[in-house]
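What follows is a single structure, and I will ask about it in a moment.
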Number of protein chains: 2
Amino acid sequence: MSEKSKFWYLKNINIFDGMDDSRMKMVEKITTMSQIGKHRPIYLPEEPSKNIYFLKEGHVKLSRLHEDGREIILDILGPGEIFGELSIVEQGGTKEIAETLDDALVCSMSKQDFENMLMDSPLLNLQLTKWMGLRLRRFEEKMSDLAFKDVTKRIISFLVRYADDFGKMKGGTVHISSFLSHQEIAYLTAASRQTVTTVLNELKGKGLIDFTRKSLTIHNFKELQALAR
Amino acid sequence: MSEKSKFWYLKNINIFDGMDDSRMKMVEKITTMSQIGKHRPIYLPEEPSKNIYFLKEGHVKLSRLHEDGREIILDILGPGEIFGELSIVEQGGTKEIAETLDDALVCSMSKQDFENMLMDSPLLNLQLTKWMGLRLRRFEEKMSDLAFKDVTKRIISFLVRYADDFGKMKGGTVHISSFLSHQEIAYLTAASRQTVTTVLNELKGKGLIDFTRKSLTIHNFKELQALAR
DNA sequence: CAAAGACTGTCGGCTATCCGACAAATGAGG
DNA sequence: CCTCATTTGTCGGATAGCCGACAGTCTTTG
């Protein structure tokens, strides 16, 4: 993979693949790069963001709040992913919060510039379409998890997916150095904080995982994965 | 709205807006139109569909099955919407079922043709992008409903949205002539059939709605809407 | 128009999970 | 190293909603 494409790498697709150099220069011109510390908001609901964001490094969580303090984390994005109001139609602003999880490097550009860029490069637009299709698929997956699985399975599903994104695999074991708080996991899995604590300790008791406040080890990835269905 | 654009009307966006006539002719050439009766499958999981579909008339439900007979309906699509494997990346086929709810008119075209068409028309592609953004938003909405609301509110939410799509508004009352079975509503709201029956009868008892096996009347739309939060 | 099949209504028991409460453990900052 | 704030662990009570069962009602079709 070339430097250029590595830069804009997307989990499954590189949206800038096949883009010529002159265009890449243009892209970098209309883009503002910013380093953002951990646990900082990028945009808030009711504060309609006029920008589209690319995540170059780090991770960002997208969540929604409810009137009472409850929260649900819709998705965690990794390097290369895009967020912001992709459908320019609405004006009301999003109901989403975007917030960094760790130190992140974010490129932003105006919706207008983004739109122009898409109009200018059919290939880029097509890649974006495919990527959005994948994102829709991810949401579908999460929705059916919510509908079909009990809390334990949802938490295991989460651990597996999270390990996939953040972990270092070594043999069958996966180690993750930046773990989330139980509350955060609760938001992700639509469970209560106490239940998360209990379930994690059950899994620890069965020797499937080990964890501290800021790290997680999955002893047998395949085995855990199998328990999620 | 011109005949042409009415033909391809999308709920919120007309993806063929601004398309010149010669291109529209081409579109119609690579497209196969078919009339499909009610409650017929369009594609099934593990039977990877090589096509992209446009819904011209009628309604289609997209759902997922679980090993045990359980089902969740992810979305109900109306005239003008697009479905199929929009992200061409995956080869495994979808886990989705697409099935007509009523008599439908569906246009299908091969993924390849669709992709070529998008490459050929940046504007079209951009419209598609916006539309997919809206679809993502709809999924987000459904996910937070699942996380935050109890069954009663989820059912009310469903009624309101369904009435919006299918109903005829007259004053403050909405009448819907093609209502779903309680089981179907259960699948949509991730509830059990019995609970749906009970909740609907509670709402009837409070004079908010009336229903028979195949019709629904909402007496005061605004009032019901307010109860969903 | 009769018989079979599908849908609706209702009940009672059951259980997963939430929620409040509080104590213990850990970590951060002065 | 002490203090305060945050996170984790555990318990018991409350309950929403699931599930099986079964009866009643409507629909379809031969």
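The figures here come from the full heavy-atom set of this structure, side chains too, leaving out hydrogens, waters and symmetry mates.
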For the helix from C/dC1-D/dG30 to C/dG30-D/dC1, how many degrees between its two end axes (five pairs per end), to the nearest 10°? 50°

Should the pair A/D75-A/K61 be classified as a salt bridge under the 4.0 Å nitrogen-to-oxygen rule? no

Given 3.5 Å as the limit, does a donor-acceptor pair link the side chain of A/T173 with the main chain of A/M169, or not? no

Does B/I97 reach the side chain of B/S63, with side-chain heavy atoms less than 4.5 Å apart? yes

Under 6.0 Å between the ring centres of B/F54 and B/F83? no

Rounded interatomic separation in angstrom, taking CD from B/E202 and C1' from C/dC11: 14 Å

For A/F148 and D/dC18, give me the distance from atom CZ to atom C1', rounded to whole Å. 15 Å

What about B/Y53 and B/Y43, are their ring centers closer than 6.0 Å? yes

Hydrogens and angles aside, do A/K149 and A/S157 bring a side-chain donor and acceptor to less than 3.5 Å of each other? yes

Starting at CG of A/L146 and ending at P of D/dG17, how long is that distance when rounded to a whole Å? 15 Å

Where along residues 178-187 of chain A does a heavy atom fall under 4.0 Å from DNA chain D? A/S181, A/H182

Check the distance between D/dT7's C1' and A/L200's CG and give it to me in whole angstrom. 13 Å

Side-chain donor-acceptor pairs under 3.5 Å in residues 215-222 of chain B, sequence neighbours left out?
{"unit_1": "B/S215", "atom_1": "OG", "unit_2": "B/T212", "atom_2": "OG1", "d": "3.1"}
{"unit_1": "B/T217", "atom_1": "OG1", "unit_2": "B/H175", "atom_2": "ND1", "d": "3.0"}
{"unit_1": "B/H219", "atom_1": "ND1", "unit_2": "B/G207", "atom_2": "O", "d": "3.2"}
{"unit_1": "B/N220", "atom_1": "OD1", "unit_2": "B/K222", "atom_2": "N", "d": "3.3"}
{"unit_1": "B/N220", "atom_1": "OD1", "unit_2": "B/E223", "atom_2": "N", "d": "3.2"}
{"unit_1": "B/N220", "atom_1": "ND2", "unit_2": "B/E223", "atom_2": "OE1", "d": "3.4"}

Side chains of B/F179 and B/L159 in contact at under 4.5 Å (non-hydrogen atoms): yes

Taken in chain and number order and not counting sequence neighbours, the residues that satisfy side chain to side chain donor-acceptor pair (under 3.5 Å) with B/T195 are B/S192

Going 5' to 3' along nucleotides 16-28 of chain C, which nucleotides have protein heavy atoms under 4.0 Å from the base (write B), which only from the sugar-phosphate (write S), and which from neither (write -)? -SSBBB---BB--

For B/N51, all residues meeting side chain to side chain donor-acceptor pair (under 3.5 Å), sequence neighbours excluded: none

